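Here is the structure we will look at.
Values in this document were obtained by computation on a predicted structure and should not be read as measured data. Just so you know, ligand 1 is whichever comes first in the structure, and atom 1 is the first atom listed for that ligand. Quick note: residue numbers are just sequence positions, from 1.
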Amino acid sequence: MVIFGASGDLAWRKLVPALFNLYDSGHLPDQFFILGVSRTNWDDREFRGQMQDAVTRHCDTQSGKCSDFLSHLYYHRLEYDQPEDYKALATLLKHLGQKTGAKDNLLFNLALPPSLPPVVSRKLAQAGLSQPGPNHQGWIRVVVEKPFGHDLESSRYLNQTMAQAFSEDQIFRVDHYLAKETVQNIIMFRFANAIFEPIWNRNFVDKVVIIASEKLGVGHRAGYYEGTGVLRDMFQNHMLQLLSLTAMEPPSMWAADRVRDEKTKVFRSLRPFTSQAVDQHLLLGQYGAGKEIKGYRQESGVAQTSLTPTFAMLKVYVDNWRWQGVPFYLVSGKRMAQKVTRMVIFFRQVPHSMFRQVLGQDITQNRLFLNIHPEEAISLSFQTKGPGPVLCLRTVRMVFDYAVDPSGLSLGAYEKALLDCMQGEQMLFWRQDGVELCWSFLEPVLNRCESCGDRASRLHTYTPGSWGPEEVKTILPDWPEPAL
Ligand code: BG6
């Protein structure tokens, strides 16, 4: 594996720790090497030192395999646009292949800022590194991380340049949300049980709320986040993937393209936004300062007048027979009360409540919670009689929790994503058509938010540690209840 951007945050925080965990649990082949590539002036020893720090900070190293693992790591300094450096890379890869015995399969991991994957793909192709040659028995694949471009045009450019170097089955577009165990489980839950599918539609579902709230602020990523904001950072990818898993039709078979076809149909069915609909169905926020917490505009690297949103709620409709009229509320933000990732399906009220006269209130709707964080659990809420002599209803939950009933090894999202790349399984990765459809869907929203004179007045400040701006209730009156 060759990690481009090896001195960056992603390699240090996620990729190398995930590779160590795979090594530790026996999921890497006997013969392999990991070559870090970046502009930083390191040698093998310095790279190994940095990665040792990454592994000891992020992984359980009790098995004592860390130094063994580090001995598989090498480093190559490279300017991303210099053809000469790629020639040297090709020579080095040959040499490392012979030295380690890992000469057949090659995985390029582009852990790079969005402007660089097109450059690197082109240079790899020019150096003859993007396709297996006549004497090459194995495969070559490339991994690219979100954001896949900055808008529709740049994502098309990214897709086109990558397509000139690699075929679609060589390209693995990672969205780490898809590799989360409980996100994968949504497909099993929906399509391996007969009892949920008949009620999974407009006749029984009242609304769906998809939440990804975070407690942390923008941290040291302001440089990236300032030009991105929550809609590009979370909605174009993670939130729309969660929506597609909830809304898609049953695929005909368990095969990457059959599943991705169904998701693509959902993306195509998203009701396009008019300017008026954006005004009614989108609410943006930015966290202000708290007691001992910096506001977004005080974070280092953020402009004092920044209008970058750190919170959004978007009400979306899927225009097909199954979902006509059912609103999907997507909510995500930084510096909120809790880190919660979950989807909540609200079922319709009972058609007539014989308890209303006695209790004086409506009956709480049945809800299905697909929890991804902090619990990895699925629960269904329903009404029961509260014990005692006086009539009262009590909401209870039926729960399945991965933590209570673990069986087998549960892989972290990056471990699973990397393992699937090595095995050539594309189910959990974005396909080019889906990426472009999601950008086309969001573009009117982004345009309306970013290029209008009333941009500042659309951005509502919220207190860190809250559930977002108060004004959210104009879109979803019972917010934040679904998150609690
Ligand atoms: C990333 C975003 O894709 O997902 C981050 O760039 C965000 O801004 C992160 O914090 C959230 O991921 P998770 O797995 O912690 O929910």
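- In this structure, A483 and W467 approach most closely via the heavy-atom pair CB-CZ3, 3.6 Å.
- Judged by a 6.0 Å distance limit and a 45° cone about the ring axis, R397 is positioned over the six-membered ring of F369.
- Contact annotation: for Y225 versus ligand 1, there are no heavy atoms closer than 4.0 Å.
- Nearest protein neighbour of atom 15 (O) of ligand 1, counting heavy atoms only, is K339 NZ, 3.0 Å.
- Both tests pass for R48 against the ring of Y74: distance under 6.0 Å to the centre and angle within 45° of the axis.
- For the pair W323/W200, a side-chain contact is recorded, criterion being any heavy-atom separation below 4.5 Å from C-beta on.
- For ligand 1, the polar-atom distance check finds an N/O of R221 within less than 3.5 Å of one of the ligand's N/O atoms.
- Of the protein's non-hydrogen atoms, Y177 OH, 2.6 Å is the one closest to atom 16 (O) of ligand 1.
- In this structure, the protein non-hydrogen atom closest to atom 6 (O) of ligand 1 is D233 OD1, 2.6 Å.
- In summary, D175 and K146 do not engage in a salt bridge, as defined by a charged side-chain N under 4.0 Å from a carboxylate O.
- Cation-pi geometry between K207 and F346 is satisfied (NZ or CZ under 6.0 Å from the ring centre, within 45° of the ring normal).
- At the shortest separation from atom 12 (O) of ligand 1 among protein heavy atoms lies H176 NE2, 3.2 Å.
- The protein atom (non-hydrogen) at minimum distance from atom 10 (O) of ligand 1 is E214 OE1, 2.6 Å.
- Here is the list of ligand 1 atoms found below 4.0 Å of a heavy atom in K146: 1 (C), 2 (C), 3 (O), 6 (O).
- Contact atoms of ligand 1 toward K334: 5 (C), 7 (C), 8 (O), 10 (O) (distance under 4.0 Å to a heavy atom of the residue).
- In plain terms, the two heavy atoms of R141 and C421 that are nearest each other are NH1-O, 2.7 Å.
- Atom 14 (O) of ligand 1 has its closest protein heavy atom at K180 NZ, 2.6 Å.
- Here H72 contributes atom NE2 and Y23 contributes atom OH; the two are 4.0 Å apart, rounded to the nearest 0.5 Å.
- Using a non-hydrogen distance threshold of 4.0 Å, H373 does not register as a contact of ligand 1.
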